[in-house]
Asker: 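Just passing along the structure, written as structure tokens.
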Amino acid sequence: MKSPKLAAGIDVSKDVLDVYFNDAQGCEHSCKVANDAKGHETLLRKLGTKRVYVLESSGPYYLRFAFYLKKHGGDIRVENPISIKRFIQMNLERNKNDQKDARWIYRYAQAREVRPWQLPRKEQLQCQVLINAIDLYGRQILMLSNQLHALDQLPLGCRHVHKSLVEMQAALEAEVAHLEKQLYTCLQKWQAAALQSLSSIPGLGKRAVALLLVYTDGFTKVKNHRQLIALAGLSPREHTSGTSIRGKKGICKMGSGRLRKVLYMCSMSAIKHNKTCKELYERLKAKGKNGKVALIAVCNKLLKQAFAVVTKRTLYQPNYCSSKP
């Protein structure tokens, strides 16, 4: 909705919601409520559901209010923080605080077309929580492994510390295995057909498959492979102007860094086990392309294959030839 009659811009933090809104007479006001059930009820009672609520996707903190508002029939719009940040910079704002941010979010709602927010599925959120926990434990396992390696280099070791670190590492690895099993079960119940199709692509690992299904909500948020590539931040980037500015070419990286990192690791496996990816990599290397550039091209090829097998509801075919010229 562009230029809504009644709107509210909300700056979300862990404990507080800063709100800037207008009334039926066109006057603007601000208020502050707690980011809890009581605060949400107070705000909705005060402003009602006959207005557009706009806020940033600030980690997990906006979800409680977003779910509450959706449950009670409110019109909520969640916008990318980068878009709002650029809007504020475009208006040459020099200062920053929570109240100002709420006002600028309100101004953004008045000036821009903001799409309605869709309530995420329960299965998607469950898988997201499991992936986050697995990644957290993975980082801790790596830290313990590095600490054990450092401990082995000391001339005088400590058996008690070494034993404690080894036991902690084993416990975390067992917990990761348990969570990965739960994640696979959840994906199997939620997206069985898509999971089977993606798992058939050589080189595409289990972590990449899970991230693709979660980030795309079962491939319902992307309409073509170009949008999928953009989601991973792997779209090519050009930075030129006139005859003097010739910026370094690369990828835009405006997307999920986690997905991009996992896909890059998958590309190293794909050039060994995926026939099409292997041929692409060897062809680019023969043309003199840098190894990393060729691997990025393989990442994009994997995403094209992923989009194709899911949307066509088929398994990977190594000898597939497109009918398009």
Asker: Any donor and acceptor pair, going by atom type alone, linking the side chain of Gln153 with main-chain N or O of His149 inside 3.5 Å?
Answerer: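 Yes, the answer is positive, given that a donor and an acceptor are paired below the 3.5 Å cut-off.
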Asker: For side chain to side chain contact (heavy atoms under 4.5 Å, CB included), just list the numbers for Gln124 and Leu213, CA-CA rounded to whole Å, side-chain angles, deciding distance to a tenth of an Å, and then say yes or no.
Answerer: CA-CA 8 Å; Gln124 183 187 13; Leu213 289 173; over 6 Å; no
Asker: Is it true that Leu63 and Val19 fall in one hydrophobic cluster, defined by side-chain heavy atoms closer than 4.5 Å?
Answerer: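 In one cluster with Leu63: Val19, yes.
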Asker: Can you measure from CG (Leu183) to CD (Gln188) and round to the nearest 0.5 angstrom?
Answerer: 11.5 Å
Asker: For Lys221, is there any backbone N or O sitting under 3.5 Å from a side-chain donor or acceptor partner on Thr216?
Answerer: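 No, Thr216 side chain to Lys221 backbone: no donor-acceptor pair under 3.5 Å.
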Asker: Which atom names give the shortest non-hydrogen contact between Val54 and Ala109, and what distance separates them?
Answerer: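 Scanning both residues, the minimum pair turns out to be CG2-CB, 3.4 Å.
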Asker: Does a sphere of radius 6.0 Å around CZ in Phe67 hold more than 12 heavy atoms from other residues, nucleotides or ligands, not counting ones at 6.0 Å or beyond?
Answerer: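 Yes - once you tally the heavy atoms of other residues, nucleotides and ligands closer than 6.0 Å, there are more than 12.
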Asker: May I ask you to decide whether Arg45 forms a salt bridge with Glu41, counting only side-chain N to carboxylate O separations under 4.0 Å?
Answerer: yes
Asker: Classify the ring geometry between Tyr62 and Trp117 as parallel (under 30°), tilted (30 to 60°) or perpendicular (over 60°).
Answerer: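 The rings of Tyr62 and Trp117 stand perpendicular, inter-plane angle above 60°.
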Asker: For His225 and Asn300, test the side chains for any donor-to-acceptor distance below 3.5 angstrom and give the result as yes or no.
Answerer: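 Not at all, the side chains of His225 and Asn300 share no donor-acceptor pair under 3.5 Å.
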Asker: Val209 versus Leu211: any side-chain heavy-atom pair under 4.5 Å?
Answerer: no
Asker: Report, as yes or no, whether the 6.0 Å neighbourhood of atom NZ on Lys70 holds more than 12 heavy atoms from other residues, nucleotides or ligands.
Answerer: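 Yes, NZ of Lys70 has more than 12 neighbouring heavy atoms, counting only those of other groups under 6.0 Å.
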Asker: Under a single-linkage definition using a 4.5 Å side-chain heavy-atom cutoff for Ile, Leu, Val, Met, Phe, Trp and Tyr, are Met268 and Val262 assigned to the same hydrophobic cluster?
Answerer: yes
Asker: Please determine if Arg77 and Glu56 form a salt bridge, counting it only when a charged side-chain N lies under 4.0 Å from a carboxylate O.
Answerer: no
Asker: Can you tell whether the side chains of Asp75 and Arg51 come within less than 4.0 Å, N to carboxylate O?
Answerer: no
Asker: Any donor-acceptor pair under 3.5 Å linking the side-chain atoms of Arg86 with those of Gln89?
Answerer: yes
Asker: Do Tyr53 and Val114 share a hydrophobic cluster, counting only Ile, Leu, Val, Met, Phe, Trp and Tyr and linking them when any side-chain heavy atoms are less than 4.5 Å apart?
Answerer: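 No: no chain of side-chain contacts under 4.5 Å links Tyr53 to Val114.
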Asker: For Arg226, look at atom CZ and say whether over 12 heavy atoms of other residues, nucleotides or ligands are found less than 6.0 Å away.
Answerer: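 Atom CZ in Arg226 is not packed in, count stays at 12 or less.
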Asker: Determine the minimum heavy-atom distance between Leu187 and Ala210, stating which atoms define it.
Answerer: CD1-CB, 3.7 Å
Asker: What is the distance from atom CZ of Arg64 to atom CG of Asn35, rounded to the nearest 0.5 Å?
Answerer: 4.5 Å
Asker: State, with a plain yes or no, whether a side-chain heavy atom of Glu123 is found less than 4.5 Å away from one of Lys189.
Answerer: no
Asker: Can Arg121 and Thr220 be said to form a side chain to side chain contact (heavy atoms under 4.5 Å, CB included), step by step?
Answerer: CA-CA 12 Å; Arg121 303 183 191 185; Thr220 59; 3.9 Å; yes
Asker: Between CE of Met168 and CD1 of Ile141, what distance do you get to the nearest 0.5 Å?
Answerer: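 Between atom CE of Met168 and atom CD1 of Ile141 there are 11.0 Å.
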Asker: Report yes or no: do Asn22 and His29 form a side-chain donor-acceptor pair below 3.5 Å?
Answerer: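 No, His29 and Asn22 have no side-chain donor paired with an acceptor closer than 3.5 Å.
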Asker: Can you measure from CG (Asn274) to CG (Leu302) and round to the nearest 0.5 angstrom?
Answerer: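 Atom-to-atom, Asn274:CG and Leu302:CG are 6.0 Å apart.
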Asker: Would you confirm whether Glu93, through its side chain, and Ile88, through its main-chain N or O, come within 3.5 Å as a donor-acceptor pair?
Answerer: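 No: the side chain of Glu93 does not pair with the backbone of Ile88.
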Asker: Would you indicate whether Ile82, at its atom CD1, is surrounded by more than 12 heavy atoms from other residues, nucleotides or ligands within a distance under 6.0 Å?
Answerer: no
Asker: Roughly how far apart are Cys127 SG and Lys122 NZ, rounded to 0.5 Å?
Answerer: 12.0 Å
Asker: Does the Ser267 side chain pair with the main chain of Tyr264, one donor and one acceptor, at a distance under 3.5 Å?
Answerer: yes
Asker: Please report the closest heavy-atom contact between Ala294 and Leu284, naming both atoms and the distance.
Answerer: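 Taking every non-hydrogen atom into account, CA-CD1, 3.9 Å.
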Asker: Is there a donor-acceptor pair under 3.5 Å between the side chain of Ser197 and the backbone N or O of Leu315?
Answerer: no
Asker: Is any side-chain heavy atom of Glu28 closer than 4.5 Å to a side-chain heavy atom of Phe21?
Answerer: no
Asker: Do Arg260 and Lys253 make a side-chain contact, defined as non-hydrogen atoms from C-beta onward lying under 4.5 Å apart?
Answerer: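 Heavy-atom side-chain distance check passes, below 4.5 Å.
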Asker: Can you find a side-chain donor-acceptor pair between Tyr184 and Glu180 that sits under 3.5 Å?
Answerer: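 There is no such pair (donor and acceptor under 3.5 Å, judged by atom type) between the side chains of Tyr184 and Glu180.
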Asker: Between Val78 and Tyr215, is there shared hydrophobic-cluster membership here, with clusters defined by ILVMFWY side-chain heavy atoms closer than 4.5 Å?
Answerer: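 Val78 and Tyr215: separate clusters.
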Asker: Does Leu44 reach the side chain of His72, with side-chain heavy atoms less than 4.5 Å apart?
Answerer: yes
Asker: With a 3.5 Å cut-off and no angle check, do the side chains of Gln99 and Tyr20 form a donor-acceptor pair?
Answerer: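 No donor-acceptor contact under 3.5 Å links the two side chains.
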Asker: Hey, quick one: are Ile131 and Leu179 part of the same hydrophobic cluster, counting side-chain heavy atoms closer than 4.5 Å, chains of contacts allowed?
Answerer: yes
Asker: Looking at Cys158 and Leu151, what are the two nearest heavy atoms and their distance?
Answerer: O-CD2, 4.3 Å
Asker: Identify the two heavy atoms, one from Pro318 and one from Lys275, that lie closest to each other, and give their separation to 0.1 Å.
Answerer: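 Here Pro318 and Lys275 meet closest at O-CD, 4.1 Å.
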Asker: Is the closest side-chain heavy-atom distance between Asn132 and Arg258 below 4.5 Å?
Answerer: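 Of all side-chain heavy-atom pairs linking Arg258 with Asn132, at least one is under 4.5 Å.
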Asker: Strictly distance-based, threshold 3.5 Å: is any side-chain N or O of Gln25 a donor or acceptor partner for the main-chain N or O of Cys27?
Answerer: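 It does not hold such a pair.
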Asker: Using side chain to side chain contact (heavy atoms under 4.5 Å, CB included), reason through Lys301 and Gln305 one step at a time and then give a plain yes or no.
Answerer: CA-CA 6 Å; Lys301 174 61 74 174; Gln305 293 176 350; 3.8 Å; yes
Asker: One thing to verify: whether Arg207 and Asp135 come together as a salt bridge, which I'm taking to mean a side-chain N less than 4.0 angstrom from a carboxylate O.
Answerer: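 Yes.
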Asker: Can you tell me how far SG of Cys266 sits from CG of Leu204, rounded to the nearest 0.5 angstrom?
Answerer: 5.5 Å
Asker: Give me the atom names and distance for the closest heavy-atom approach of Leu234 to Cys299.
Answerer: CD1-CB, 3.8 Å
Asker: Parallel, tilted or perpendicular: which one describes the rings of Phe307 and Phe219, with boundaries at 30° and 60°?
Answerer: tilted
Asker: Is the shortest side-chain heavy-atom distance between Thr311 and Asn224 below 4.5 Å?
Answerer: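 With C-beta onward as the side chain, the pair stays apart.
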Asker: Step by step, would you call Gln118 with Asp217 a side chain to side chain donor-acceptor pair (under 3.5 Å)?
Answerer: CA-CA 11 Å; Gln118 299 295 328; Asp217 193 10; over 6 Å; no
Asker: The test is side chain to side chain contact (heavy atoms under 4.5 Å, CB included); show your working for Ile10 and Val12 and say whether it passes.
Answerer: CA-CA 6 Å; Ile10 304 176; Val12 181; 4.1 Å; yes
Asker: Just wondering, are more than 12 heavy atoms of other shown residues or ligands nearer than 6.0 Å to NZ in Lys100?
Answerer: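 More than 12 within 6.0 Å, yes.
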Asker: Heavy-atom distance under 4.5 Å between the side chains of Ile105 and Leu55, does that happen here?
Answerer: no
